[in-house]
Amino acid sequence: MTDPTRARGHKWQIVEGMFCLTVHGDDPGTSVAIPIGALLTLAADGRRRQMAMHRRAISPADSAAAELTTVTKESVLPVQTWSVAPLDNGMLVLMLDRDLDTELLLSLSPEIAQTLAELFIKHAGDAS
């Protein structure tokens, strides 16, 4: 699209049997219907892209300064579900948002898991 037009209005409605967000520009007679499932996928993709852009913005040289970086609510993904499980090789798995578009699996050594737990406890105390 070489000349995008900003949406001027929207409406929730059923289109061809699907619940959709219908968006229109200056002409309400010309609109685009986006199914709710596509919106959820777009939102998850947008959050992943935002995370990737944030990672690129902080270079490895800035890793020492990363602890001092102010984190805003808009710059992080909210976790909807989580669980922890052991692997057969002695590692631990932290599973976030299982079965969702934002699912993420992290393998942690016992030492890193323990350090992470201590940091969570420390910062949880600071947050309250």
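Note that these values count all heavy atoms, side chains included, but never hydrogens, waters or copies made by symmetry.
By the criterion of side-chain heavy atoms lying less than 4.5 angstrom apart, applied directly or through intervening Ile, Leu, Val, Met, Phe, Trp or Tyr residues, L108 is not grouped with L119; the two fall into different hydrophobic clusters. Hydrophobic cluster membership differs between I121 and W82, with clusters built from Ile, Leu, Val, Met, Phe, Trp and Tyr side chains linked at under 4.5 angstrom. A continuous path of ILVMFWY side-chain contacts below 4.5 Å connects V84 to I112, so both sit in one hydrophobic cluster. Hydrophobic clustering, with ILVMFWY side chains joined whenever heavy atoms are under 4.5 angstrom apart, keeps M18 apart from V32.
Considering only heavy atoms from C-beta on, F19 stays 4.5 Å or farther from L21 through its side chain.
The environment of E118 atom CD is dense: over 12 non-hydrogen atoms of other residues, nucleotides or ligands sit within 6.0 angstrom. The environment of CG in L116 is crowded: more than 12 heavy-atom neighbours from other residues, nucleotides or ligands sit within 6.0 Å.
Side-chain contacts under 4.5 Å among hydrophobic residues (ILVMFWY), followed directly or transitively, place L87 together with M91, V93, M95, L105.
The shortest heavy-atom contact between L92 and A113 is CD1-CB, 3.5 Å. R98 approaches T81 most closely through the heavy-atom pair N-OG1, 3.2 Å. Here the shortest heavy-atom pairing between D26 and R8 reads OD1-NE, 2.9 Å. In terms of heavy atoms, W12 sits closest to L39 at CH2-CD1, 3.7 Å.
With sequence neighbours excluded, the residues satisfying side-chain contact (heavy atoms from CB on, under 4.5 Å) with V15 are Q13, C20, T22, A33.
With rounding to the nearest 0.5 Å, the separation of OG in S31 from NE2 in H10 is 13.0 Å. With rounding to the nearest 0.5 angstrom, the OG atom of S107 is 7.5 Å from the CG atom of N89.
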